Amino acid sequence: MSLLDKCSGEQLVLLAGRLRGIAAQKTSAAKASVTLGQMSDDVFDTKSALQTARSFIDDSNDVTLAADLLVELAEAKRAETS
């Protein structure tokens with residue numbers, strides 16, 4: 001039995017909420033990177049900041065997708081038990 005099988009629908013929804021919080025932190029870090037890059041006079045620093053922001057955004061999108069999948073799994077488990 002997998003770990004996901006052992007989790008209740010409520011536990012999966014809570015985990016999805018925590019993942020969405022992590023995604024929000026990544027988005028905030030991306031915004032901060034862009035802001036810092038805009039404040040720099042050095043072109044290299046600006047490009048580096050934008051690359052970092054892209055990485056944070058990609059991570060945020062991946063974590064959000066995982067959270068969405070967990071919510072779908074939770075809904076399926078709830079439908080299964082009712």
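All values reported here derive from a predicted model rather than from experimental measurement. Residue indices begin at 1 and follow the sequence shown.
In terms of hydrophobic clustering, with Ile, Leu, Val, Met, Phe, Trp and Tyr side chains grouped at heavy-atom distances under 4.5 Å, Ile22 and Leu15 are assigned to a common cluster.
Of all the heavy atoms in Ala49 and Ser33, the pair that sits closest is CB-O, 3.2 Å. Here the shortest heavy-atom pairing between Ser60 and Ala23 reads OG-O, 3.1 Å. For Thr46 against Gly37, the heavy-atom pair with the smallest separation is OG1-O, 3.0 Å. Listed here is the closest heavy atom pair of Leu19 and Val63: O-CG1, 3.1 Å.
Between Leu70 and Leu4, some side-chain heavy-atom pair lies under the 4.5 Å cut-off. Residues Lys26 and Asp62 form no side-chain contact, since every pair of their non-hydrogen atoms from C-beta on lies 4.5 Å or further apart. Between Val34 and Leu50, some side-chain heavy-atom pair lies under the 4.5 Å cut-off.
Heavy atoms of other residues, nucleotides or ligands lying less than 6.0 angstrom from CZ of Arg18 number 12 at most.
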Item to complete: Show your reasoning for whether side-chain contact (heavy atoms from CB on, under 4.5 Å) applies to Asp68 and Arg20.
Response: CA-CA 9 Å; Asp68 291 345; Arg20 286 201 171 99; 2.5 Å; yes
Worksheet entry | Test salt bridge (charged side-chain N to carboxylate O under 4.0 Å, His left out) applied to Lys77 and Asp5, step by step | CA-CA 9 Å; Lys77 279 187 166 241; Asp5 291 333; 5.2 Å; no
